[in-house]
Every structure is written in structure tokens, then in C-alpha cells.
Amino acid sequence: MAKIDKDASTEDKIKIAARKVFTQKGYAATRTRDIAQEAGINLALLSYYFRSKEKLFAIIMREKVQKLFGSIVPILVRQETTLQEKIEHIVAEYTEILIENPDLPLFVLSEIRNHPTQFLEMAPIQKVFRQSSFIHQIKATNPAVVPIQFLMSLLGMILMPFVGMPVFKIITGKNDKQYIKLIESRKKQVPIWAMSILSS
């Protein structure tokens, strides 16, 4: 039997298809047949490149977790920036990532709930968060504010407009372009709201 030559474009095609199908259906409801069909290949070829749904999902999940959480770590630990600058950077960075990948939060958050241990292995943010200058700056600014509560509130203000996008578009009567413009205006508003929490 002749060996199939590895073709990077085929691997990319499978990964693109897997991202789409996993995002739409979630891990449990996705079949390898669905991914192969979306990629326009047969099951044997998919199995040759990625062996199993589990292996392919782990790769896609790692990419998505890195995209959603990877950018926050350098911001949290940066010593030379003020707390306000960190907040502004987090808001701006996340907003741009989510505008480009609006389905990302629902996919990652739903899979994190199903596989929390696997998530922590992919993104060991717990240790970084506890030791970051971000935490020390929050405590120094307002000792009464619990840092994790503050971070949850900050991320909630960023993520919720994307998670609830279909509903909010109906409520506001805005089309896709108008809604994105509304979200972009939050880059300036969210840091103001976040700093007000610390000053209360």
C-alpha cells in the first residue's frame, strides 16, 4: 500500500472544517463524518491526518483557548503599565479578537464547563493570575475589592455583548455593521466603568 504524502493544505482544510463543526455542534454532537464532509474529504483521509475526533478536538480547543486567554497573560504580568493601562489593553485586545471570532466565547466557555481540568492544562492562568502585578495593583487601589470578582466583572462586560449578540441586535434593532460599531464604542466605556468599581 502506497504511503500518502503529507499535504499541509489538507491538514489546514481539516482544521478549518473542524473549527466550524465543533463550534456549531460542540464536541459531543460532532461526528468525524461531519468534519470529513465539511472538509470535502473521506473518513480514511481524516483518520490518517488526525487519528481520532479526540485528538483533533484537543488541537482545535488548544488553539481557541490560546486565542481567547493567551493574550491576557502578558497584560496581567506587565510590570511597567498602570492598572488603568492594563484594563484598557485587556478591553481593546479582547474586543478585537471577539469581533474577528464572534463564536469563540460560546464555544470555549461551553467546552470549559465540560472539561475544566483540560482547560487548566491548556491555559495555566490560575498561577499567573495569583502572582501578577494586576492583582497587586487592584489590592493597592482598593483593598475592599476582591481581585477575582473584579476580573469576572471586567471580562463579563467584554464577553456578554458577544454571547448575547443575537438578542441584543433584536433589542437595539441594529444590523451586523451597526452592532459592531456599538461594541467598538465600548473600548472607551468599559475601562471607565471598571475603574469606577475600584473607586467605589
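For residues 140-153, no residue pair satisfies the salt bridge (Lys or Arg N to Asp or Glu O under 4.0 Å) rule, not counting sequence neighbours.
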Evaluation steps, side-chain contact (heavy atoms from CB on, under 4.5 Å), between L56 and F22: CA-CA 10 Å; L56 181 54; F22 280 135; 4.3 Å; yes
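Here K20 pairs with E38 under the side-chain hydrogen bond (donor to acceptor under 3.5 Å, both in side chains) rule; sequence neighbours left out. For Q178, the side chain to side chain contact (heavy atoms under 4.5 Å, CB included) partners at least two apart in sequence or on another chain are K174, N175. Listed by chain and number, the residues in a side-chain hydrogen bond (donor to acceptor under 3.5 Å, both in side chains) with E63 are K15, R19 (sequence neighbours excluded). Taking D34 as the reference, K25, R31 meet the side-chain hydrogen bond (donor to acceptor under 3.5 Å, both in side chains) condition, with sequence neighbours excluded. Applying the side-chain hydrogen bond (donor to acceptor under 3.5 Å, both in side chains) rule to E96 yields the partners K187; only residues at least two apart in sequence or on another chain are considered.
For the pair Y94/H89, no side-chain contact is recorded, criterion being any heavy-atom separation below 4.5 Å from C-beta on. When side chains are defined from C-beta on, E54 counts as touching Y27, because their heavy atoms get closer than 4.5 Å. Looking only at side-chain heavy atoms (C-beta outward), V91 and E88 stay at 4.5 Å or farther from each other. Residues K86 and Q84 fail the side-chain proximity criterion, which asks for heavy atoms closer than 4.5 Å. The shortest distance between side-chain heavy atoms of F50 and I35 does not fall below 4.5 Å. Using a 4.5 Å heavy-atom threshold, the side chains of L76 and I90 count as touching.
The structure places OH of Y49 at 4.0 Å from OG1 of T10, a figure rounded to the nearest 0.5 Å. The OG1 atom of T95 sits 8.0 Å away from the CZ atom of R186 when rounded to the nearest 0.5 Å. Going from atom CD1 of I87 over to atom CG of L83 covers 4.0 Å, rounded to the nearest 0.5 Å.
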Please tabulate, for side-chain N and O atoms in residues 140-155, each donor-acceptor pair with protein atoms closer than 3.5 Å (sequence neighbours left out).
residue : atom : partner : partner atom : Å
T141    : OG1  : Q137    : O            : 2.7
N142    : OD1  : A144    : N            : 3.0
N142    : ND2  : L198    : O            : 2.8
N142    : ND2  : S200    : O            : 3.2
S153    : OG   : Q149    : O            : 3.0

Would you list the atom pairs, donor with acceptor, under 3.5 Å between side chains in residues 159-170 and any protein atom, with sequence neighbours excluded?
residue : atom : partner : partner atom : Å
K169    : NZ   : D176    : OD1          : 2.2

Show me the donor-acceptor pairs, under 3.5 Å and distance only, between side chains in residues 40-47 and residues at least two apart or in other chains.
residue : atom : partner : partner atom : Å
N42     : OD1  : A44     : N            : 3.2
N42     : OD1  : L45     : N            : 2.8
S47     : OG   : L43     : O            : 3.1

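Taking all atoms of both residues into account, the shortest heavy-atom contact from H136 to S132 is CD2-O, 3.2 Å.
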